[in-house]
Number of protein chains: 2
Amino acid sequence: MTRDLPLTSRSLPIALLRAREKVMGPIRLMLADVDITEQQWRVLRVLQEEGPQDPTRIADRACLLLPSLTRILQKLEEKGLIARRPDPEDRRKQVVRITKAGEKIIHDNLSASIRAAERIRAHLGPERYEMLLDLLNELNEMDS
Amino acid sequence: MTRDLPLTSRSLPIALLRAREKVMGPIRLMLADVDITEQQWRVLRVLQEEGPQDPTRIADRACLLLPSLTRILQKLEEKGLIARRPDPEDRRKQVVRITKAGEKIIHDNLSASIRAAERIRAHLGPERYEMLLDLLNELNEMDS
DNA sequence: AATAAATACTTCACATGTTAACAAAAGGAG
DNA sequence: CTCCTTTTGTTAACATGTGAAGTATTTATT
């Protein structure tokens, strides 16, 4: 009983890819105006929401791998949007925090970001939107 | 009534990112054994499912941008997994097809790929799995 | 305390994502 | 037919994704 592979519209990986592009496209355009990438935006948001923290935790929260994060933190530091200091408790670690300039970037783009999310929510309807998030989170809690 | 941004678990972009990683992680591992990337695999699958076609259509089906596809086709051609010939109707175009070696790659990894998909489906349950695909497709049909 | 194992990044190498610029060919308007 | 526009694919430049190797530091073992 060998089944065929699903068509692309019924292929979960591709459907996820397209959905992500649909959701992030408008946000990327908005961020391009302030010369910030989508990943840099995620890092700033994590720092602004959860406060100063070390790179490993940032990587977990922002869904980035450490090698990528290393480069991103370098760029953000050059731009003056974050600051770093060594962790006195553990000299392997650093403590990263967002600067005033970084908070301004967030503040200036927050409302547009929220509107983009609301637009998606309105398109699907609140119940289906929540259901989508529930299903994705359930998928993400799979062990493996 | 200004709302806060959602936590990462309720952030659609991040939930999509994590879901994609969860789904593709095992497949990436499998493909690494035959020295093929996830994107190269998508291109081969499109060609095997839909037959010979031009790069613009491949890019659409495999959810890749043309500049990425250009490089991927070069790699696949070097590996002997695809072949190209100019389109006699329109000299701007090419016709790309999968080779025997390319079909063998697909054949050798098809069953493991299907098993990975079935595993996800079993975890969510068939109804919820289909619902997830429906919601993603509905999202992808948003205009803009 | 000496050594092995684990942790927290960093660096490297290669592949892709993304935007912009570009060359070649096809289509359309006059 | 000529000029302009569109389409198709490539190249370039920079940023990130990803796995592997490397460095410094801490923790666990003996």
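The model shown is predicted, which means the values in this text are computed figures rather than measured ones.
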Given C/dT18, C/dG17, D/dG17, which nucleotide is nearest the side-chain atoms of A/Q39?
D/dG17

D/dA13 C1' sits how many Å from A/D35 CG, rounded?
14 Å

Spacing of A/D54 atom CG relative to C/dT10 atom P, expressed in whole Å
11 Å

Starting at CD of A/E78 and ending at C1' of D/dC14, how long is that distance when rounded to a whole Å?
13 Å

Sugar-phosphate, base or nothing in reach of A/T56, heavy atoms under 4.0 Å
sugar-phosphate

Please report the closest heavy-atom contact between B/C63 and A/R18, naming both atoms and the distance.
SG-CG, 3.4 Å

Separation of atom CG in B/L65 from atom C1' in C/dA20, rounded to whole Å:
13 Å

How long is the line joining NZ of A/K75 and P of D/dC14, in whole Å?
10 Å

On the nucleotide D/dT7, are OP1 or OP2 found under 4.0 Å from the side-chain N or O atoms that B/K93 carries?
no

Rounded to the Å, how far apart are A/R28 CZ and C/dA20 P?
12 Å

Nearest-nucleotide 5' precedence on DNA chain D, B/L29 against A/Q40
A/Q40

Interface residues of residues 79-92 of chain A with DNA chain C (non-hydrogen, below 4.0 angstrom)
A/R84, A/R92

Look at the side chain of A/K22 and the backbone N and O of B/M142, then say whether any donor-acceptor pair between them is shorter than 3.5 Å.
yes

Rounded to whole angstroms, how far apart are CE on A/M24 and P on C/dT19?
11 Å

Output yes when at least one side-chain N/O atom of A/Q74 is less than 4.0 Å from OP1 or OP2 of C/dT10, else no.
no

First locate atom CD1 of A/I27, then atom CD1 of A/I36, and finally report the distance between them rounded to the nearest 0.5 Å.
14.0 Å

So, is A/T70 near the phosphate of C/dT11, with a side-chain N or O under 4.0 Å from OP1 or OP2?
no

Classify the nucleic acid contact of B/R71 as base, sugar-phosphate or nothing, counting any heavy atom under 4.0 Å across all strands shown.
base

Which residue, B/Q94 or B/E21, contacts DNA chain D at a nucleotide closer to its 5' end, judged by nearest heavy atom?
B/Q94

Working for side chain to side chain contact (heavy atoms under 4.5 Å, CB included), residues B/V43 and B/L73
CA-CA 8 Å; B/V43 170; B/L73 290 179; 4.2 Å; yes

Just by modelled atom types, is the B/G125 backbone N or O under 3.5 Å from a matching donor or acceptor in the B/E127 side chain?
no

Interatomic spacing from CG in A/D33 to CG in A/D108 - rounded to 0.5 Å:
11.5 Å

Whole angstrom is fine here: how far is it from CG in A/L73 over to P in C/dA8?
15 Å

NA contact type, B/L69, heavy-atom cut-off 4.0 Å: base, sugar-phosphate, or nothing?
nothing

Indicate, with a heavy-atom threshold strictly under 4.0 Å, whether A/S68 touches base, sugar-phosphate, or nothing.
base

Do the side chain of A/N140 and the main chain of B/A19 share a donor and acceptor less than 3.5 angstrom apart?
yes

Contact class for A/I72 (heavy atom, under 4.0 Å): base, sugar-phosphate, or nothing?
sugar-phosphate

Would you say A/L17 ends up clustered with A/M24 if hydrophobic residues are merged whenever their side chains have heavy atoms under 4.5 Å apart, either directly or through other cluster members?
no

